[in-house]
Undergrad: 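Could you have a look at this structure, given as structure tokens, before my questions?
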Amino acid sequence: MGFNIVLIEPEIPNNTGNIGRLALGTGSTLHLVKPFGFELTDKRLKRAGLDYWQHLNVIMYENVDAFFKEHQNKKMIFFSAAATKNHWEIDFEDEMFLVFGKESVGLPKSLLKNNMENAVKIPLYSEHIRSLNLANAVAISIYEGLRQIQ
């Protein structure tokens, strides 16, 4: 049991490290799509992932096209503040791909436009923020999915 967490062009090493730790703790696989905003040797990535990184199932891709070519027939959900459905309105499935964009701008506009029927958001209850921290958004999503399928 587990999910596939997909980070498209992650920018902040601490977020990626924390998400890696979360992936390991939930039996999920972490998919990292280049380019990254950091080096994989970054101390902040290792510190956030602690000594768990060596046990993590992580797969890297050179670019978005390479990722989607390999996984074109998989069930995917795209997380975006621009979506109209909330994340609890979907039926999570074991091994589902949960796709997240980079911290500064989210998912590429063309990718989101082509997948809007499978896009969801985590609702916000304040007009003073645009989005949640990426690591927090992934955690909320993973645990909602686990709640549903267990």
Undergrad: To the nearest 0.5 Å, tell me how far Ile5 CD1 sits from Thr26 OG1.
TA: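 So the CD1 of Ile5 and the OG1 of Thr26 are separated by 5.0 Å.
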Undergrad: Just so I know, are the side chains of Ile77 and Met96 near enough to count as touching, which here means a heavy-atom distance under 4.5 Å?
TA: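 Yes, close enough: below the 4.5 Å cut-off.
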Undergrad: Are Leu132 and Tyr143 connected in the hydrophobic side-chain network, where two residues link if heavy atoms are under 4.5 Å apart?
TA: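 Different clusters: Leu132 never reaches Tyr143 through Ile, Leu, Val, Met, Phe, Trp or Tyr contacts under 4.5 Å.
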Undergrad: Can you tell me if Glu9 uses its side chain to pair, donor with acceptor, with the backbone of Leu107 under 3.5 Å?
TA: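 Checking the backbone N and O of Leu107 against the side chain of Glu9, no donor-acceptor pair under 3.5 Å is found.
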Undergrad: Any side-chain heavy atom of Asn4 sitting closer than 4.5 Å to one from Ser28?
TA: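 Result no, sub-4.5 Å side-chain heavy-atom pair not found.
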Undergrad: Using the six-membered ring wherever Trp is involved, compare the ring planes of Phe100 and Phe79 and label them parallel, tilted or perpendicular (cut-offs 30° and 60°).
TA: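 Correct class here is parallel.
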Undergrad: I need the minimum non-hydrogen distance between Ala135 and Asn15, along with the two atoms involved.
TA: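 Shortest heavy-atom contact: CB-OD1, 3.8 Å.
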Undergrad: Between atom CH2 of Trp88 and atom CZ of Arg147, what is the distance when rounded to the nearest 0.5 Å?
TA: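 The CH2 atom of Trp88 sits 10.5 Å away from the CZ atom of Arg147.
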Undergrad: Under 4.5 Å between any side-chain heavy atoms of Leu124 and Ile129, yes or no?
TA: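 In short, these two side chains touch, coming nearer than 4.5 Å.
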Undergrad: Is there a path of hydrophobic side-chain contacts, each under 4.5 Å between heavy atoms of I/L/V/M/F/W/Y residues, joining Phe78 to Tyr61?
TA: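 Looking at the clustering, Phe78 is in the same group as Tyr61.
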Undergrad: Can you hop from Ile8 to Met60 via hydrophobic side chains spaced under 4.5 Å?
TA: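 Cluster IDs for Ile8 and Met60 differ.
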Undergrad: Could you check whether any side-chain heavy atom of Phe67 comes within less than 4.5 Å of a side-chain heavy atom of Glu62, counting everything from C-beta outward?
TA: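 The answer is no, as the side chains (C-beta and beyond) never meet within the 4.5 Å cut-off.
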Undergrad: Going from CG on Leu111 to CE on Met116, what distance comes out if it is rounded to the nearest 0.5 angstrom?
TA: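 So the CG of Leu111 and the CE of Met116 are separated by 10.5 Å.
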Undergrad: Could you grab the distance from atom CD1 of Ile19 to atom CG of Leu24, nearest 0.5 Å is fine?
TA: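 It comes to 14.0 Å.
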Undergrad: Do Leu30 and Leu56 make a side-chain contact, defined as non-hydrogen atoms from C-beta onward lying under 4.5 Å apart?
TA: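 Leu30 vs Leu56: side chains touch.
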Undergrad: Is there side-chain contact between Ile12 and Leu134, with heavy atoms separated by less than 4.5 Å?
TA: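 Of all side-chain heavy-atom pairs linking Leu134 with Ile12, none is under 4.5 Å.
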Undergrad: Rounded to the nearest 0.5 Å, what separates atom CD in Glu144 from atom CG in Asn86?
TA: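 Reported value, rounded in 0.5 Å steps: 10.5 Å.
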Undergrad: When you look at Leu32 and Val58, which way does the side-chain contact (heavy atoms from CB on, under 4.5 Å) test go after all the steps?
TA: CA-CA 7 Å; Leu32 299 176; Val58 61; 3.8 Å; yes
Undergrad: Near Lys75 NZ, under 6.0 Å, is it more than 12 heavy atoms from other residues, nucleotides or ligands?
TA: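 For Lys75, atom NZ is not crowded (no more than 12 foreign heavy atoms under 6.0 Å).
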Undergrad: Say whether Phe36 and Val99 are linked into one hydrophobic cluster, either directly or through other cluster members, by side-chain heavy-atom distances under 4.5 angstrom.
TA: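 No, no single cluster joins them.
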Undergrad: Between Leu98 and Val6, does the side-chain contact (heavy atoms from CB on, under 4.5 Å) criterion hold? Intermediate values first, please.
TA: CA-CA 6 Å; Leu98 310 179; Val6 182; over 6 Å; no
Undergrad: Look at the side-chain heavy atoms of Ile, Leu, Val, Met, Phe, Trp and Tyr, link any pair under 4.5 Å apart, and say whether Ile122 and Phe3 land in one connected group.
TA: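 Hydrophobic grouping puts Ile122 apart from Phe3.
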Undergrad: Can you check whether Asn118's main-chain N or O pairs, donor with acceptor, with Asn115's side chain at less than 3.5 Å?
TA: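 Checking the backbone N and O of Asn118 against the side chain of Asn115, no donor-acceptor pair under 3.5 Å is found.
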Undergrad: Of all the heavy-atom pairs spanning Pro123 and His87, show the shortest one and how long it is.
TA: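 Taking every non-hydrogen atom into account, CD-ND1, 3.8 Å.
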Undergrad: Using 0.5 Å steps for rounding, measure from the OG atom of Ser131 to the CD atom of Glu103.
TA: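 Separation between the atoms: 9.5 Å.
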Undergrad: Considering only heavy atoms from C-beta outward, does the side chain of His71 approach that of His31 to under 4.5 Å?
TA: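 Counting from C-beta outward, His71 and His31 do come under 4.5 Å.
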Undergrad: Does Asn63 reach the side chain of Lys34, with side-chain heavy atoms less than 4.5 Å apart?
TA: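 Result no, sub-4.5 Å side-chain heavy-atom pair not found.
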Undergrad: Apply side-chain contact (heavy atoms from CB on, under 4.5 Å) to Glu11 and Ser104, showing your working.
TA: CA-CA 8 Å; Glu11 299 170 310; Ser104 62; 2.9 Å; yes
